Every structure is written in structure tokens, then in C-alpha cells.
Amino acid sequence: MKESATASAPGKVILFGEHFVVSGFPAIVTAIDKRVKIRLTNSVENRFVIVSGQVCSAWSLNGQPVGAKHSPFQALYDMVNAVCRDHGIKCVGRAEIDSEIMGAAGLGSSAAVAVALVKAFSDLHGLELTIDKIIQYAMKAETEFHGRPSGIDPTIAAVGGTIIYHGPGKYMHLATPANPKVLIVFSGKKRKTSKMVNHVQQLARDKPRLFGELTKIYSIIYREAFSAIQKYDVEKIGKLFTMNHLLMRALGLSNESVEKIIEVLAGLGVYGSKLTGAGGGGCVIAVAGENIERIAGEMSKIYPHVWLSQTGCRGVGE
Ligand code: MEV
């Protein structure tokens with residue numbers, strides 16, 4: 001066995017179809033150039049330790065937390081423990097998380113951590129887990145963490161690029177002539193994905209006709225987006241962002257600060273913008289023409305967290 005292994009996985013932005021994907025519709029998602037890195041060592045003999053910045057949690061060999069009972073990493077530990085059980089490995093080691101992805105902001109940070117951790121674990125122990133197996137384990141952590149995830153986040157963190165996602169194990173890489181840059185603006189409000197998913201699923205149960213109409217409009221937006229991305233028609237992608245955002249607003253996912261960001265972006269000349277991820281806060285994404293760098297600069301003067309990101313980036317790996 002090796003002494004140590006490292007792995008990294010990307011964050012993501014959902015271009016089209018968050019929430020609709022939970023209800024079985026296809027969504028389009030892309031991997032961004034912000035990554036989580038995991039360094040895993042077998043330096044610890046009788047515990048499994050997870051460290052991120054100032055936060056450190058440990059579990060004894062029988063799976064009991066050492067010290068504080070409630071760890072923010074419990075789902076990650078349970079995932080690693082499942083890998084150990086399935087492969088007859090003693091669950092010991094130390095994992096250090098080093099993340100460039102803001103958490104609870106719709107950028108897929110928890111899934112990227114889970115995917116990178118399984119990959120590092122697989123490499124350390126020579127398990128040669130396939131990408132699909134890595135996604136399955138990461139999905140376990142995501143389900144414990146978020147309740148009812150569609151699986152889109154661990155899938156894009158593992159496979160990278162830009163994909164159509166249509167449920168666990170059902171995805172397809174989108175052939176694109178180029179990958180547009182996206183502007184990402186954090187609204188200042190973090191939120192829990194599970195809460196937002198429950199909100200939309202409840203609305204779908206309470207107002208089935210309204211939800212049904214929204215899904216019909218979404219299906220049209222999705223088809224147009226599929227072809228706009230394949231043609232690298234960035235202006236059209238922007239217009240479709242705005243339409244998708246209106247659906248998210250109708251689902252009660254927007255708020256005042258998100259709408260303000262969208263208004264400022266429109267004033268600066270983007271092609272269009274939308275919430276990305278679960279909503280209720282989180283981040284807004286936008287595309288624009290050649291002036292996108294200037295718009296990013298202007299936005300940074302107003303908002304503290306603005307990123308101009310590459311899309312279609314590589315999935316889990318070194
Ligand atoms: C999460 O990034 C996006 C949601 O659609 C939830 C999911 O698909 O798991 C809101």
C-alpha cells in the first residue's frame with residue numbers, strides 16, 4: 001500500500017434544469033475550474049481523521065466519533081466506512097480537505113469533496129474503483145447530506161466536461177465547439193439544498209397543474225439550450241438562462257438580492273443570467289460577449305465574491 005494519495009475534483013454550475021432534474025427531467029451541467037483537493041495518508045493507525053481548515057473530526061475503529069458527537073463530516077466518514085466494509089479494509093487514515101469551492105452556494109462543493117475522497121481512497125489502497133463506482137459511493141454521502149439528490153453533482157464532479165444528466169447512471173457528454181466562460185456571482189446567502197428541494201417537491205404535489213405547465217416550458221428551454229450549446233451560440237444561451245431563471249422565480253427560489261444581481265448584470269450588458277443550483281440564495285451565473293472580463297471587473301467592485309470561470313473542465317483526477 002502507498003503512504004499517501006491525492007485527488008481533486010471540480011465544482012459545477014448547472015446551466016439548465018436544476019430542480020426539474022429531481023423530478024426526472026434532463027438537466028445540463030458543466031464542471032468549473034474551481035477544485036477540491038484531498039490529501040489522504042495512512043499516518044494514523046487506529047482512527048479515521050478528516051480535517052478541513054480549523055475543523056477536525058475523528059472516528060475510532062468501531063465507527064464511533066472521537067470527541068464531538070456531531071461532525072459536519074459524518075456523511076463523508078460513513079461513505080469511506082462503506083468503501084472499507086465492501087473491500088475488507090481497516091478504516092484508518094487522515095484526509096485533508098483543501099477547497100477552492102464556496103460551500104452551500106450551489107457550486108457542488110460537497111459532491112466534489114466526496115468524489116475526490118473516494119478517488120484518493122481508491123488510489124491509496126489500489127482498489128481501482130471505476131468512475132461509476134466512485135459516483136455511487138459519493139451519492140451515498142450526498143443522500144445522507146442532502147436527503148434526495150438527483151445525483152447530478154457527484155456525476156459531473158467525477159466525469160467533468162459538460163453533460164446532459166438524466167438520472168443516476170444516465171448521462172451524455174455534450175460535444176461543444178468551445179466552452180463559454182461563465183460569470184459567477186455569490187448572492188451573499190448560503191442555504192441548504194435539502195430545504196430547497198423539499199420546497200419545490202412540495203409545490204409540485206400541492207400545485208400539480210402549475211408544476212406541469214412549468215415543466216412543459218422547461219422542456220422547450222432545454223431542447224433549445226441543447227442545440228445552442230452544441231452550436232456555441234452564447235447569446236442564445238444567455239437568453240435561455242433568463243427564461244430558465246423565470247421558471248425558478250415561479251418556483252419561489254429567488255430572492256431580492258438575487259434579483260438585484262440579475263438587474264445589475266443586465267445593466268452591464270450580459271446576454272442573460274440565472275440562479276444556479278438549489279436557489280434560495282446561492283449564486284447567479286451569466287454569459288456575455290467579449291466584454292465579459294470588463295463586466296466581471298465591474299461586478300467585483302460591487303460584490304465581494306465574483307468569479308469568471310472556465311466551463312467544461314476535467315473531472316476527478318490528480
Ligand atoms: C443541486 O445542485 C441541484 C438540485 O437540482 C438538486 C439535485 O439535483 O440534487 C436543486
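Keep in mind the model is a prediction, meaning the values are calculated, not measured. FYI, side chains are in, hydrogens and waters are out, and symmetry mates aren't considered; it's all heavy atoms of this structure. In each ligand, atom 1 is the first atom listed, and ligand 1 is the first ligand listed.
Environment of NZ in Lys192: sparse, with no more than 12 heavy atoms of neighbouring residues, nucleotides or ligands closer than 6.0 Å.
Taking the six-membered ring where the residue is Trp, Phe25 and Tyr218 present perpendicular rings, their angle passing 60° and hence far from 30°.
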Using a 3.5 Å cut-off on N/O to N/O, what pairs does ligand 1 make with the protein? A line per pair would be great.
from	atom 1	to	atom 2	distance (Å)
ligand 1	2 (O)	Lys12	NZ	2.9
ligand 1	2 (O)	Asp153	OD1	3.0
ligand 1	2 (O)	Asp153	OD2	3.1
ligand 1	5 (O)	His19	N	2.9
ligand 1	8 (O)	Ser150	OG	2.6
ligand 1	9 (O)	Ser150	N	2.8
ligand 1	9 (O)	Ser150	OG	3.4

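Ion pair Lys140/Glu142 not flagged as a salt bridge, since none of the NZ, NE, NH1 or NH2 atoms sits closer than 4.0 Å to an Asp/Glu carboxylate oxygen. Between Asp153 and Lys12, at least one side-chain N (NZ, or NE/NH1/NH2) sits under 4.0 Å from a carboxylate O, which counts as a salt bridge. A salt bridge is absent between Lys90 and Glu45: the closest approach of a Lys/Arg side-chain nitrogen to an acidic carboxylate oxygen does not fall below 4.0 angstrom. Residues Lys37 and Glu100 are paired through a salt bridge, judged by an N-O separation under 4.0 Å between the basic side chain and the carboxylate.
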